[in-house]
Structures are given as structure tokens and as C-alpha cells.
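Throughout, a chain's letter reflects where its sequence line sits, starting with A, and its residues are numbered from 1. Computed over heavy atoms, backbone and side chain alike; hydrogens, waters and symmetry mates excluded. Keep in mind it's a predicted model, so treat the numbers as computed, not measured.
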Amino acid sequence: MAFRFLHTADWQIGKPFGGFEAEKRGVMREARIETVVRIAALAESRRCEVVLVAGDAFDDNTVADRDVRRTLDAMAGFSGHWIMLPGNHDALASVSVWSRLVRLGAGERVRVADRAEPILVGDGRAAILPAPLKRRFEAADLTAWFDAAETPAGAVRVGLAHGAVANRLPAAADGNNPIADDRAERARLDYLALGDWHGFVEIAPRTVYSGTPEPDRYPANAPGHVALVEIDAPGLAPRIERVPVARFDWRIVRAELFGDAGDVDAALAAVAEPNRAIVQLVLTGALPLRERARLDGILASWEARLFDLRVEDGNLQDEPDAEDLDAIEMGGFVRTAVDRLRAQALDPADPERETAALALRMLYVEHRRAKAGD
Amino acid sequence: MYLKSLSMRDFAGVAEREVPLFAPGLNVVVGDNEAGKSTLLTALRAALFQKHRGTSEAVKALSPYGRAARPEIAIEFETGGTSYRLSKAFIQKQSALLEWSGGRLENDAAEEKLAELFGFAHPSKGESKIEAHQGAFGLLWVEQGRAPGGIDLGAGRNAVAAALEGEVGAIIGGENGRALIEAARAMQERFYTATTLKDAKHSPLVAARTELAALREALAERQEKRRLYEDRLERLSLRRASLESYLQDDAVGRAEAALAAAQSRARAVESVRADHAEAERALLHAASLVERAEEGLARRRDLARRNADAATLARDAEAALAERRTAALGASEDARAAATRRDEARRAAELAERRLSSIEVARRLARLAGEAERLERRLVQAQAIAAQIDGLARDARGPSIDAKTLERIEAAGREAREAEIRLAAASPSVELMPDDGRCARAADGAGLAGTLKVTGRQEIVLDGWGRIAITPGGGAGDLKRTFDEALAELARRLSAAGVADIDAARLRERDTRERAIALAGARKELGAAAPEGLAALERQRAELSAEMAAMRSPDGEAHASAQGDVDEAQADRRRAQDAMRVAEQALEAARASEAAWAARLARLEADAVHAKDAAARLEAELRAAEATAPTIALEDALAAARGERDRRVDLLALRRRALDEADADVVTLDLKRREDALAQVRASVDELRGEVIRLESELGVQGASELGAEIARLDGEIAALEPRVDRLERQARASRLLHATLTQAQREARENWLAPIRAEVEPFLRMLHPGTSVELDEATFDVRVLRRGGVEESFARLSQGAREQIAVVTRLALARLLKKGGYPAAVILDDALVNTDERRLERMHLVLRKAAESLQIIVLTCRERDFRDLGAPIIRL
């Protein structure tokens, strides 16, 4: 019988989302626990023998007891065993969330992988080799012991670790807690279940980051999944299924606007469920002032529809055209002022360039407002 | 514009009037106050700007008062090179007709055309203020009394602006521009204070920055807490590892085992040390036994030796005693002989002494006899003197008068004498010259003869005659009494002195004196003869006699030998005495020798007895000792003790080696080390355990503090707030830049704009008020300030005359400017210079003429005289 398990990591329960409004924060924190409920249900429905949590189940060792309790409650939907590995956020320090987890009633189905020794599961058909982090940052490769680890003959060997696979992750990933990229091979692992990188990626043969099941940032590296893994026998390739479980859809939407603010609508129309979307809208290009003013209205409407919208418009230029300027009183000193601000905004050498562009836009808006008031 | 002609009918107070042909330049219209001069201006305004269909009160006012009429007005004018004829009728059958050579428009179309020609806008429905809808003509056409109030640009503003635009290429920007500046200022003041451009208190940027700073501070505080938490965590981990290492190594057990081993080694060393000490003690004991045996033997040998010595001594003493006894006998003999010799010498000396003594006594007796003789003589002499003195003294003890007593007696005598003389002088003298045989007698019968001084009652018995009683008078009685008293005093003194009269007193006094002298001389003599006194002399004589008596021995031998040679006797005595002394010395020496011998002998005898006793005692002692332990036995015991001691010395050396080999110091040090080590290990374990428990408890408390979440939240909030602050900063900067740019542009525009007005105004001003210039308000063109000779004056403070002149001048300048800009400008001044003095009026004529070179100017006035010399056509109403 194949050994089937669910691989997840980086729940980061208790993450505060300080950059969001208080109301949204609560929802986002709640969502992470609900995701655990879904994971438990998935493991249950897919008859997994064990769920491996490859580190950072908790955002911090000082996470509130209430969050720990609710996480345990969320895990109750799975009748099998949970093997939870301390990661860098919840390292197995002298005093840690793990000691509280046990104290708060984790029960025997929740096992904290707190030692570098094999854990036999599935009636001895599989041996889990954990590499728990005892501190936030380890300079050494804690998975090294896997190579020489003795496991029962015929048992599937599954490594469980948290860190950065050397030479494989993008430069942006931090290099702490290194893991050799050929560890699976050297340690004769059938599968190496990893945590730390928040996107789903099979980074080396039989070496997989499940990513976080509930995304917490924008990068489009396929977060929001768990891995359902099935291994028929030692040495046989694992069957890996990527299953989405996330509630929130974090995404970066890019729109290049040239003259028409309405293009933003087109770009955001791609968001399937706006009320579950946390969007960073990156706007580039250039708009005449009237379109810029229209853009504000369009964005306001999207802001109301999306769960969260952040607009990055630093590279969206104002490009007042003749029509804009005609709309402004073109006589007298106003004309002079507009010309000066425009010249300043267009001069790449002017340190006040952006300020001038903004001033021009403000002038335009004020002018329109005055007109509207007329 | 050139207004050519104007006619009206039923217009206000004017039934009908036609003003024919104005000149293109300067015109003066003269009319009395009620001649309808102002109506002219009203009609002109109505024609051009009032809608013919108008129903407002202003339009109604065009009718003649109290009469329904159809006010009509017609004007001819030329503008843009075209001549027009315009006629309008109001209120009834309203109409408007504009005709020119190329066209004709009626009613509204005509009015539209007018608005176009004159650059104004008709009021919207409901608006009625024509003043606001006549373009620049509100500015150029000045009603009576308005000039001193200033320019009051009003609705002419746009027209002026348009004209200026043509002139300088920039205009103010209108209401819209001002509104924009206001909006920019409002935006700026969200962030900055209006005056200093510092951060405003209510600035959202300041609030955001404050919030950001607070968040950062809170974050730093949490991070510090976090750091402390992690430090503790790290320390707990280290302590646990240390504790575990102690426990795993069984450090306490090991230390205890090591201590037990060390203690066992120490006990072994202790035993060796005890053996060594025992050997030392045994050796000391053996040595002391040897010492005692040696001492015992030595004492025995000493006793034997002393015993022998004592016997010798006793024998020697006996021998010496015998020898000394013989010597002592000899000394006694010598002493006896010396005594005999001394006695002989003593006797010889005594003899010599006696002889010398007799001689000396004899000599002394002789001398004493002489002395006694002399003393006797002195004594006899002195006794004689003494007898004399006695006699004198006895005399002296008889009646005597001393000098003082004599003096008193003599004084009393003198007084009696004087009293007598005074009495005699006062007393009658009675010379008795009896006849022969006759006698006179006193009462007592005594015969009286010669001269009789009668000092008192004197009875003279004259024989035969009887008695004559004579009583002197004239104080004779008192004198008599004084005389009697003096006599009585004298008699008393004489009596007291024991003499009869003064002479006797004198004699006795001299006698007394002489006796005293004689007594003193005798006493002196006695003093010389026996200074020590008579009694002393007698005592001396008695003593001398006694001495001599004593010296006289009963026999006369001494006296016999008294005649011998003293010197010889003395020499004999000396020799005898010397011999005696020698003999005495010899005796003394012999006796001393004898005594010495006796003492020595006694000593020797004692010594001998003592020596004998000692010898006997020692012998007894020795005998007793030997009886107890014979010497040979002592010697054997000593030899045995020495043997034992030597064995002990060897044993001690053996033990010493054993002790050395046991390395006792090292074993002791090691023991101490093991003890300390155990204590230290136990303390460390306790301390580590305590700290682990404490840290676990502390960390446990902080465990669920959500510190990490707090930090992450603050990080997030800061990350969210930073772009907001950034955005606000950009907005703040932009608002400032916008406001600054707008105001700067406005300022520049105004400066540019006013330049042509100044250029037009100043030549006129120079004509009117040389050396002055005006400053105009950029927005209203009102004259703000007049500058004269560097001094600024507010327009409002100028005299009415000056104000109206300047207002007119400015209007003329603006009109010229408008004209240049293509505006159909023409100026109408209705009594605009009524406050101007003659001299200025003259100047104003020049100004008007100059302005009229390019403008039509119509001056309406009621004072023809003021403009008589203007040189312009005058139209009289």
C-alpha cells in the first residue's frame, strides 16, 4: 500500500498584518486558522496517514495561547497524526510555543518533531527524518544527519526540514538555515518536505517546498497550496499533487496606462473574486490630467470591491496635454504658472520634478472642482 | 469711438433735444444745473447698454416724471472706421435699430451687435444693474461727483484687461485665477502656517510624522524587549546545556569518588605520620634515659671525688692550724714587749710634761701678779671717782633751780617790777619832810621818812598832828591790785623754788648748773678710768685672784723649777712624746698582729672543724650510695641506655624515610583540592538548576505575550504609514510649489501689466504735478499711493481737488490704452473737475488737449468759464 501524506508549511498563525486596517487584520488572521481547518479536512478526505508541517506553523514563539488553542481545534478535523517541525519563526528554543502546545492539550496525535531522530509512521512503512531548528538561524545544515540515518528496511524515507535550499532559491531568499540541494539524493530520501519558501516549488528532485497554504504577501510564486504526496515504495518516484487551499488571493496587477484610465478596469477585471483579493496595483505609463482625475474615481470604486487594494503609481506619469491645459484658464498668470510647472515636471534634471507634476495635477483638480462649483 | 450726434425725445426731464455734431477730439457741453446735461450721459448709456425691452425700474426711470411716454433716443457714432446710426425707444413700442452703410439690424439683433461692438454683455434675465454691463464705459464716463472717489474700475475691468493683454501679452487671469490662488493657499495652509511657512500645528503631515515616530518608538521598545527575551532564552539554553553536562558527566558523583580516594590516601599518610611521631617520641625518651644514667654516674663519681677531696682538706686544715698556733703565740709575745716599751715612754713623756707645765705656771703667775697690781690701781682710782660722783650726786639731789624755773621767776619779778613802776607812777608821792624831830609813822607805827609813794590808802600818823589818810585815785587801786598780784605770783614762784628772792634764785640756778657740770665731768672721768664699769673691774680682780690662787700649788716645786728653761723643757717633752708615739705605734702593730693571728687561728679552727664534718658526711653519703647502687651497676645501666637510644635513632630514620615516601604534602593538597572541587561542583549544579528554574519561569510568563506579533504589527504599520507620510510630504511640497508658482506668476503678470498704464499716466501727471508718480492697485486700478519728492501719500488723504485730477488723469490714460487695444473708447466727464483750482485747471486743459489727440473727450460742465480757454468747441444746451 502506498504511503500517502499531506505536506504543508509556513502557516504562520498569529501573523499580525500590521500594514492593514484593524478590521482587515482580524479577518486575515482568522483566515489562516480557517485554512488549517481546510487542510485537516483535505487530509481526512484524501485519507492521508500523516500531515507533515515543515516549520513555521506559528508566526512567533510568543504567539497568544488563544491562537495556539484555536489552531489545535482547527487541526481536529484530521484523524491521523500531525508531525510538526519547529521552523525559524517557531524555533525549538528553551521555552517555545511547542512546550505550550503540549501543555495546552496537543494530544498524542500531534507530535512535535523536536529531535534529530527518525519517527516511524504508517505502521513502520515510513520513517520521517526531521531537522528541527533550535534557533532562528542555524549556520549549519541540520539535515546532514539524514545521510547516515538508519531506518527500517523497506520503509519510505521522508525528510522534514525548514530552511533555504542552497543554490536553488532566488537571490531574494535569505540564505539562513541552509539545506544541501542534493540532500534527498545523498540521504536516499524518497521525499524531502520543506518549509520556509512561501511558494509551491519542487526545487530539486523529490525536494519540495509546499509554500504557505494561505499567502501573506504579493509575490506570484504560487502560494496558497499544500502537497498531497503518495509514494508506492522506497526508491519509487513520489506522486505529488498541488492542491489550492487559500482563502485570499494576493496578487500584483500591473497596468500600463497610456492616455486612458479605463485600462485599469480591464486589468482588474482579471481578478476572479474581488472580495477575496488583496491586490497591489502597479501602474505605469502616463495619463493626461483629466484621465488622472478619472483614474482616482475608478480606483475608488475598485477599492470598495476588492478586499484590499494598494496602488503603486510612482511610475505613472502625469502628462498634461493641450486639452487639459485648455480646460484650465489659459489666460494671465495661471498660464504662466502652468507653463512653469510643466517645464519643471518635464525636466529630468529638476529635483522638484515630481513635486511639480503633483502641483500641476492639484492645480488641475482644483480648477475642475472650481468649475464644477461654478 | 467717435460720438457724432445725439438726440432725444420724452427722455427723462427732456421733452426733446438734439445735440448736433460733436467734434472728434475735445468737446465742451455747457449747461445749467437743470439743463439736462447729465441726462445727456444717461441717454447715451441707455442707447448703448440698456435693452430696449427692459422693464426694470431703471428703464421706467427713463420716462418723464409722472407721465406715460415713449422715451426715444438716437445717436450717430463711428467706430472701427464705420459710421453707425442707432435709435431706441423704451417702454412703449420698444424698438432698437442699428444702421450703417453696409447693414441694418433691429431690436435684439441690433443690441447683440452693439454688445459685440462695445465689448460688453447684456445682463441675464433678472439682472438689472446696467452699471455692471457697460464694459469699460463705466470707467470712461464719469458722472457728476464720482471723480474724487477714485477710479472704481468695476465692470470696466475686463475691458481694461483685454486691452492690456493686447499691450503686454498677459492678463491677470480673472476670477478663476484668483480662485485658484485661494485654493492653492488653502492647500498649502493644510500643511504650513500662512506667514512663516513652517509646519502648521494641524498639518496632517505633522500628525502622520508624529504617529510614525510613536510607532518607531514603540517598535524599538518591543524590539528591546524581544532582545532581552531572546537573551534570556539563549542564557537558559546555555545554562541548561551546562547543567545537563554536569548531570550527564555525573560530576558530583565523580567529585565525591575522587574525594573519597583522596581521603583514603590521606588516612594512610596520617598513619605513617603517626608512626614517625611515635618513633620521635621513643627516641626522645631513650635519649632522656641515657641522659639520666649519665647524670647518675657523674653524680656518683663526683661524690667519690668530693669525698676524697674533703678528707684531704680536713687533714690539711689540721696541719695548718697547728702551724698557725705557734705563729700566734709569737705575736702575743711581741705585743707584750711593745706594751712595756710604751709604758716606759709614757712615763718619760709625763715627766717632761710636768716639768714644762710647772715652768709655764710660774710664768703665768708672775704675769697675773702684774696684772692684778694694775687692776688694783685702776680700781682704787675708779672707786675714788665714784665716791666723788656720789657726793656730787647727793648735792645735786638738794635744792636746785633749773634755767627754765629761773626764767619764769625772773619774768614774774619783771612783771612785779613793771607793776610797781606803773603803780609808783600812778601813786602820789608824799614827801615827808618832817620838821626836825618830828616823825611820821605809819598806822602800824613804823616810821615814815623821805618820799612816800602812796599806792593805797595810807595813813600817815604824824606825830603830833594826827593821822593823814591818803587814798590815791585814778586807777591806782587797779594798779595796786595788779602789783599785788604780780608780787604774789613772784612770791609763789620763789616759794616753789625754795628761794627767798630772785637773786637767790639766780644763785641757786648757777649752783645747780655747776653741780651738774661737775657731776658730768666726774662721770666722764669714771668712764675713762673704768669703761667696763666699777663692778666689772672688781669682778676681774676677784677672778684674777682666784686664778692665781688656783695656780699656786701647795708645794712650791713648780715655782722652784719655774725658773728652768722653757725651750729645753719643751724639747724634752717633744722628744718624750715622739718616743711615746713610736712605742704606741709599735704596740698597736703588735696588738693588731696578735689579733689577726687570733682571728686567723679561729678561722682555721672553724675550717678544720668544718672540713672534718664535711669529710665525715660525704663519706657517709658515699657509703650509703654505694650500698644502694654500686658504681659499677650505674656504669652498666648507662651502657644499656645508650644502646637503646642508638636503636631508636635508627628506627626514626626508617620512619622518616617512610614519611618522605608517603608524599604527605601532595596528599594533603590533593585532599583539599578534592574537597573544594566537590563543593564547587555542587554549588554550580545548584546555581545552574536555580537559574534554569528562574529563567524558565520568567520566560514562561512572557511566553504568550505576542511580542513577535506586536513587532510584526508595528513593522507593518510603519511600512504602511511611511508611504502615507511620503505622500503627504509630496503633497505638502507640491501645495507649496503650486502656491508659490501661482503667486509668483501673478505678481509678475501684474507688474508687466501695470507698466503700460504707468507709461500712459505718467506724462499726464508730469504736466499736472511735476515730480509725482502714482502707484496703482494691480487688481482694481485704483490709485493707491501718490509719490511726491520721495514721499508717499495715500490717495484717500489727498485733497478732493488732487483726487479728482488724478482720477481723471488715470481714466484718460486707461482710455488711451483701451483705444490702443482696439476698444472703442471715448471719455465723458460730467463736472468731474469742480474742486480744481484755477492753476491746476489750466494744467488740466493741457492734459485734456493732449489726451484728445487720440480720444474723443466730451466735457459736460455748468461752468463755461472754466473751459472757455480750452480751445475746444462749446455746445450750449
Practice item. Return the orientation label for the Trp98(A) and Phe58(A) ring planes: parallel under 30°, perpendicular over 60°, tilted otherwise. Key: perpendicular
Review point. Who among Pro16(A), Ala357(A), Gly14(A) has the most heavy-atom pairs with chain B under 4.5 Å?
Key: Pro16(A)
Review point. What parts of residues 21-29 of chain A touch chain B if we use heavy atoms and a cut-off under 4.5 Å?
Key: Arg25(A), Arg29(A)
Point to revise | Check: Arg32(A) side chain, Trp11(A) main-chain N or O, donor-acceptor pair, under 3.5 Å | key: yes
Review point. Is there a donor-acceptor contact under 3.5 Å from the side chain of Thr741(B) to the main chain of Ala337(A)?
Key: no
Review point. With a 4.5 Å limit on heavy-atom distance, are the side chains of Asp67(A) and Asp59(A) in contact?
Key: no
Check your understanding: Which bit of Arg733(B) is near chain A, if near means a heavy-atom gap under 4.5 Å: side chain, backbone, both or neither?
Key -> both
Point to revise | chain A contact via Leu742(B) - side chain, backbone, both or neither, heavy atoms under 4.5 Å | key: both
Practice item. Salt-bridge test for Glu710(B) and Arg226(B): reply yes if a basic N is under 4.0 Å from a carboxylate O, no otherwise. Key: no
Review point. If we ignore angles and hydrogens, is there a donor and acceptor under 3.5 Å between the side chains of His162(A) and Asp56(A)?
Key: yes
Point to revise | Ring-face cation of Arg292(A) near Tyr364(A) (centre distance under 6.0 Å, axis angle within 45°) | key: no
Review point. Which bit of Leu721(B) is near chain A, if near means a heavy-atom gap under 4.5 Å: side chain, backbone, both or neither?
Key: neither
Check your understanding: Do Arg310(A)'s NZ or CZ and the ring of Phe20(A) fall within the cation-pi criteria of under 6.0 Å and 45°?
Key -> yes
